[in-house]
Novice: 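The structure under discussion is supplied below as structure tokens; questions concerning it will follow.
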Amino acid sequence: QKEVEQDPGPLSVPEGAIVSLNCTYSNSAFQYFMWYRQYSRKGPELLMYTYSSGNKEDGRFTAQVDKSSKYISLFIRDSQPSDSATYLCASPHSNYQLIWGAGTKLIIKP
Amino acid sequence: ETGVTQSPTHLIKTRGQQVTLRCSSQSGHNTVSWYQQALGQGPQFIFQYYREEENGRGNFPPRFSGLQFPNYSSELNVNALELDDSALYLCASSLVGGMNTGELFFGEGSRLTVL
């Protein structure tokens with residue numbers, strides 16, 4: 001079992017829809033959780049990070065962690081075609097490495 | 001743009017050959033990490049360098065080796081290339097201790113194809 005699991009998609013939604021992206025993790029020691037966005041032929045870029053349980057909001061993006069169920073979510077409101085990308089969740093395994101999900105490919109249709 | 005530059009952007013090698021990939025880190029960052037990303041997969045940690053020393057290593061064989069230079073730039077060397085080494089190789093620069101906030105700044109990667 002991978003430590004971080006993510007549905008690869010693709011997930012296709014119409015412009016303006018609310019998008020829900022999800023990950024599950026198995027390691028109870030994980031405390032910090034990140035969401036990265038990766039456009040085609042580019043490196044990942046950090047969107048948000050959260051610590052422990054709860055919600056964090058940044059503009060149209062909301063990250064949510066439920067440690068009791070080991071479930072991580074990213075919500076995108078008012079989705080735009082420019083949001084089309086692969087979204088990766090990750091958590092630090094140590095002081096030097098991140099453990100990543102496989103990424104979910106998101107397609108926003110105009 | 002992150003300020004992290006990688007070269008070359010694309011390259012093709014044959015099995016058994018050796019390859020060197022290069023990375024210039026973002027100004028002020030003292031830590032460089034290398035990740036391998038196979039098609040359709042998340043990045044896999046190869047190793048991290050801090051102050052020119054390997055600071056941690058993932059589950060990769062010794063034929064994957066690296067260097068960090070005094071200006072914090074870095075190289076990834078892979079010997080005896082195998083078909084499964086075909087992937088996007090990502091370099092990320094950060095400040096030490098930036099892992100918990102995920103503040104790694106990635107370059108655009110070097111796409112390696114092994115034939």
Side-chain angles (χ1 to χ4, degrees), chain A residues 1-11 21-25 27 29-52 56 58 61 63 65 72 74 85-106, chain B residues 1-6 9-10 21 23-26 30-51 53-60 66 68 87-111:
Chain A
Q1 181 190 9
K2 292 186 176 181
E3 289 189 277
V4 179
E5 300 267 13
Q6 196 172 2
D7 187 331
L11 176 63
L21 301 164
N22 307 295
C23 288
T24 58
Y25 65 95
N27 191 333
F30 286 169
Q31 295 286 332
Y32 292 85
F33 304 93
M34 293 89 186
W35 283 97
Y36 286 80
R37 177 175 62 195
Q38 185 173 24
Y39 291 114
S40 181
R41 306 184 193 285
K42 300 286 188 180
E45 58 176 330
L46 179 66
L47 279 175
M48 301 178 67
Y49 77 92
T50 55
Y51 172 69
S52 193
K56 185 174 183 179
D58 184 0
F61 298 88
V65 177
I72 313 162
L74 178 71
T86 296
Y87 289 79
L88 299 133
C89 58
S91 184
H93 183 266
S94 62
N95 290 332
Y96 50 82
Q97 72 167 304
L98 290 178
I99 303 297
W100 300 75
T104 298
K105 184 173 183 177
L106 175 65
Chain B
E1 297 298 323
T2 63
V4 178
T5 57
Q6 292 187 243
T9 55
H10 295 84
L21 308 177
C23 172
S24 295
S25 59
Q26 183 163 309
N30 53 19
T31 302
V32 174
S33 304
W34 287 91
Y35 286 82
Q36 180 195 65
Q37 186 175 26
L39 199 62
Q41 301 295 318
Q44 297 290 316
F45 175 72
I46 303 175
F47 42 55
Q48 182 186 86
Y49 277 83
Y50 170 63
R51 290 185 175 178
E53 297 286 334
E54 188 179 285
N55 192 38
R57 189 178 183 92
N59 190 25
F60 280 81
Q68 186 182 31
L88 181 68
Y89 287 85
L90 294 163
C91 168
S93 77
S94 62
L95 292 171
V96 67
M99 194 61 57
N100 285 341
T101 53
E103 289 176 298
L104 275 65
F105 296 87
F106 286 87
E108 296 193 354
S110 293
R111 183 162 297 283

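Letters A, B, ... mirror the listed sequences (proteins, then strands); counts begin at 1.
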Novice: Report yes or no: does Gln26(B) contribute a side-chain atom to a donor-acceptor pair with the main-chain N or O of Val4(B) at less than 3.5 Å?
Specialist: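 Checking the backbone N and O of Val4(B) against the side chain of Gln26(B), no donor-acceptor pair under 3.5 Å is found.
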Novice: Arg111(B): which residues meet the salt bridge (charged side-chain N to carboxylate O under 4.0 Å, His left out) condition with it, sequence neighbours left out?
Specialist: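 Applying salt bridge (charged side-chain N to carboxylate O under 4.0 Å, His left out) to Arg111(B) gives none.
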Novice: Measuring from atom OH of Tyr87(A) to atom CG of Asn22(A), what distance do you get when rounded to the nearest 0.5 angstrom?
Specialist: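 Between Tyr87(A) OH and Asn22(A) CG, I get 14.0 Å after rounding to 0.5 Å.
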Novice: Quick one: what part of Gln48(B) sits under 4.5 Å from any heavy atom of chain A, side chain, backbone, both or neither?
Specialist: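 Side chain only.
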Novice: Distance check, rounded to the nearest 0.5 Å: Ser110(B) atom OG versus Trp34(B) atom CH2?
Specialist: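 Those atoms lie 6.0 Å apart.
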Novice: For Glu5(A), which residues count as a salt bridge (charged side-chain N to carboxylate O under 4.0 Å, His left out) partner, sequence neighbours excluded?
Specialist: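 If we apply the salt bridge (charged side-chain N to carboxylate O under 4.0 Å, His left out) test to Glu5(A), skipping adjacent residues, there are no hits.
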Novice: Which bit of Tyr49(A) comes within less than 4.5 Å of chain B, counting heavy atoms only: side chain, backbone, both or neither?
Specialist: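 When you check distances to chain B, only side chain atoms of Tyr49(A) fall under 4.5 Å.
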Novice: Does any non-hydrogen side-chain atom of Gln31(A) lie less than 4.5 Å from one of Tyr51(A)?
Specialist: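 The answer is yes; the side chains approach within 4.5 Å.
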Novice: Between Tyr35(B) and chain A, which part of the residue has a heavy atom less than 4.5 Å away: side chain, backbone, both or neither?
Specialist: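 Side chain only.
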Novice: Can you say whether Gln37(B) sits under 4.5 Å from chain A via the side chain, the backbone, both, or neither, judging by heavy atoms?
Specialist: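 The side chain, not the backbone.
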Novice: Under 4.5 Å heavy-atom distance to chain A, tell me which part of Leu88(B) shows up: side chain, backbone, both or neither.
Specialist: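 Side chain only.
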Novice: Shorter than 4.5 Å, heavy atoms on both sides: which option in Lys105(A), Met34(A), Gln38(A), Gln97(A) has the most such pairs with chain B?
Specialist: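 The option with the most such pairs is Gln97(A).
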Novice: Name the region of Tyr36(A), side chain, backbone, both or neither, that has any atom closer than 4.5 Å to a heavy atom of chain B.
Specialist: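 For Tyr36(A), the side chain is the part near chain B, not the backbone.
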Novice: Between Leu88(A) and chain B, which part of the residue has a heavy atom less than 4.5 Å away: side chain, backbone, both or neither?
Specialist: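 Contact with chain B: side chain only.
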Novice: Considering only heavy atoms, which portion of Ser94(A) lies under 4.5 Å from any heavy atom of chain B: side chain, backbone, both, or neither?
Specialist: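 Just its backbone gets close to chain B.
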Novice: Rounded to the nearest 0.5 Å, what's the gap from CG on Leu47(A) to CG on Asp58(A)? Could you check?
Specialist: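 The distance works out to 8.5 Å.
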Novice: Between Gly109(B), Cys91(B), Pro43(B), which shows the greatest number of heavy-atom pairs under 4.5 Å with chain A?
Specialist: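 It is Pro43(B).
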